[in-house]
> 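Handing you this structure, nothing more for now.
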There are 2 protein chains.
Amino acid sequence: MSQSVTTPEPITASHIRTILSQHGYRITSPRQRIVEQALLHDRPFTAEQLVAELRNHEDGSESNIGRATIYRTLEILASMDVLSRVIQPGGHAAYVVDAPGHRHHLVCSQCSATVAFTSCPIDELVQDLIADTQFQIHDHMLEVFGLCPECQPPTNGT
Amino acid sequence: MSQSVTTPEPITASHIRTILSQHGYRITSPRQRIVEQALLHDRPFTAEQLVAELRNHEDGSESNIGRATIYRTLEILASMDVLSRVIQPGGHAAYVVDAPGHRHHLVCSQCSATVAFTSCPIDELVQDLIADTQFQIHDHMLEVFGLCPECQPPTNGT
DNA sequence: ACCAATAGTGAGACATTGTGTCAATACTGA
DNA sequence: TCAGTATTGACACAATGTCTCACTATTGGT
Ligand SMILES: [Mn+2]
Ligand SMILES: [Mn+2]
Ligand SMILES: [Zn+2]
Ligand SMILES: [Zn+2]
């Protein structure tokens with residue numbers, strides 16, 4: 001087996017609290033609820049999805065979390081590499097929970113099953129690009145799309 | 001100079017008409033105006049940008065083109081590789097005019113200057129991913145972000 | 001424990017972006 | 001020229017994202 005596939009180490013809500021603190025962010029109740037809700041997902045989820053999920057469930061005791069708060073918090077979590085911003089096949093933005101570090105994702109176009117991988121083939125390319133264009137290169141986005149084994153049409157084995 | 005950078009061959013409106021025909025699309029007046037407007041751009045532009053630009057200028061003679069038509073046409077052009085869908089640093093979708101073929105883009109985060117390149121470092125990676133995950137891999141998206149020479153802060157050469 | 005400073009919140013108005021409908025229109029090939 | 005049909009555009013609507021601002025809650029210092 002090559003080095004491509006990452007077995008993600010679990011990341012906990014308390015770990016994320018620590019990271020928030022270290023970055024100077026306050027530990028607030030909405031942020032904690034957002035983090036916990038995000039951690040329930042092992043596939044990409046959209047901001048609006050979380051908005052819906054966090055809208056007071058049957059339990060009328062929970063207060064609502066404002067849409068703006070959710071968008072803001074997701075951005076913060078992404079900036080700290082707790083989440084990754086990914087692009088879904090259709091072109092829409094979503095987030096996935098991630099262990100920290102540089103990751104890319106292989107996403108099933110059908111069911112959104114996601115496999116993170118760490119090998120990044122960009123590094124050598126970047127050197128060429130810098131030499132050719134004189135750009136300073138700060139970032140890149142790479143997403144790979146396909147069909148997971150479950151979603152592949154059965155081969156017609158006559 | 002390495003092979004990374006593409007000097008784009010010009011693509012003309014009439015060439016695009018041919019491509020449309022070959023794909024079974026009709027040559028309509030709105031499509032021609034959309035194509036011509038798109039060709040004026042050498043940087044990424046959004047669908048809404050075109051909507052605005054095509055909204056009858058001072059010249060009251062031109063009729064309006066519906067928003068839906070513009071979105072539809074851009075998708076068609078992208079599906080024929082006349083345009084590429086790209087993701088801007090902020091995460092928003094845009095299109096760039098392209099010579100046909102497999103391209104990626106290096107985009108300036110500040111001024112959106114764009115350099116297309118053809119070298120794609122994905123191929124070997126894809127083999128590993130297939131072996132490791134059993135996914136069928138159909139597509140990928142790669143964008144590189146940075147600062148073009150013009151937008152780089154001057155080095156403080158004391 | 002208390003307090004002052006201030007980061008953070010949420011409601012909602014609003015802006016932007018994208019989709020769906022459908023009668024009317026304009027291409028195209030025959 | 002004409003019938004068949006792909007395409008249009010207006011518009012309503014859905015979805016997504018941004019902004020504001022008075023109010024609240026967290027935090028570090030005392
Ligand atoms: Mn990478
Ligand atoms: Mn490629
Ligand atoms: Zn799948
Ligand atoms: Zn620039």
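We name chains A, B, ... by the order of the sequence lines, and we start the count at 1 in each one.
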> Can you tell me the distance, in whole Å, between the OH atom of A/Tyr25 and the P atom of D/dG28?
16 Å

> What I want to check is whether the side chains of B/Arg17 and B/Ser14 have a donor and an acceptor closer together than 3.5 Å.
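Short answer, no.
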
> Of the non-hydrogen atoms in A/Pro30 and A/Thr69, which two are nearest, and what is the gap between them?
CB-CG2, 4.2 Å

> Flag the pair B/His140 / B/Cys120 as yes when at least one side-chain heavy-atom distance between them is below 4.5 Å, and no otherwise.
yes

> Enumerate all atom pairs, one protein N or O and one N or O from nucleotides 18-21 of chain C, separated by less than 3.5 Å.
residue, atom, partner, partner atom, Å
C/dG18, OP2, B/Tyr71, OH, 2.9

> At under 4.0 Å, does any side-chain N or O of B/Arg31 touch on OP1 or OP2 of D/dT8?
yes

> Indicate, with a heavy-atom threshold strictly under 4.0 Å, whether B/Thr28 touches base, sugar-phosphate, or nothing.
sugar-phosphate

> Between atom CD1 in A/Ile76 and atom C1' in C/dA7, what is the gap in whole Å?
10 Å

> Write down the distance between CD1 (A/Ile70) and C1' (C/dG12), rounded to a whole number of angstrom.
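Rounded to whole Å, this separation is 15 Å.
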
> What is the distance, to the nearest angstrom, from the CD atom on B/Gln32 to the C1' atom on D/dT7?
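In whole Å, D/dT7 C1' and B/Gln32 CD are 14 Å from each other.
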
> Looking at B/Thr114 and B/Pro44, what are the two nearest heavy atoms and their distance?
OG1-CD, 2.9 Å

> Mind checking whether B/His41 and B/Phe45 have parallel, tilted or perpendicular rings, split at 30° and 60°?
tilted

> What is the distance, rounded to the nearest whole Å, between atom CG of A/Leu74 and atom P of D/dT18?
12 Å

> Between B/Leu83 and B/Val97, which heavy-atom pair has the shortest distance, and what is it?
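That would be CD2-CA, 3.7 Å.
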
> In whole angstrom, give the distance that lies between atom CD1 of B/Ile65 and atom P of C/dA24.
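Computing the B/Ile65:CD1 to C/dA24:P distance gives 22 Å.
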
> Send over the distance from B/Ile27 CD1 to D/dT7 C1', rounded to a whole Å.
12 Å

> Which residue is it: B/Ile34, B/Val35, B/Ile27? I am looking for the one with a side-chain contact (heavy atoms from CB on, under 4.5 Å) to B/Ile16.
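The residue from B/Ile34, B/Val35, B/Ile27 that satisfies side-chain contact (heavy atoms from CB on, under 4.5 Å) with B/Ile16 turns out to be B/Val35.
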
> Return no unless some side-chain N or O of B/Arg26 is found under 4.0 Å from OP1 or OP2 of D/dT8.
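Answer is no, no contact under 4.0 Å.
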
> I need the CZ-C1' distance between A/Phe45 and D/dT16, as an integer number of Å.
16 Å

> Find which nucleotide of DNA chain C each of A/Ser29 and B/Gln49 is nearest to by heavy atoms, and output the residue with the more 5' nucleotide.
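By nearest-heavy-atom nucleotide position, the 5'-most residue is A/Ser29.
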
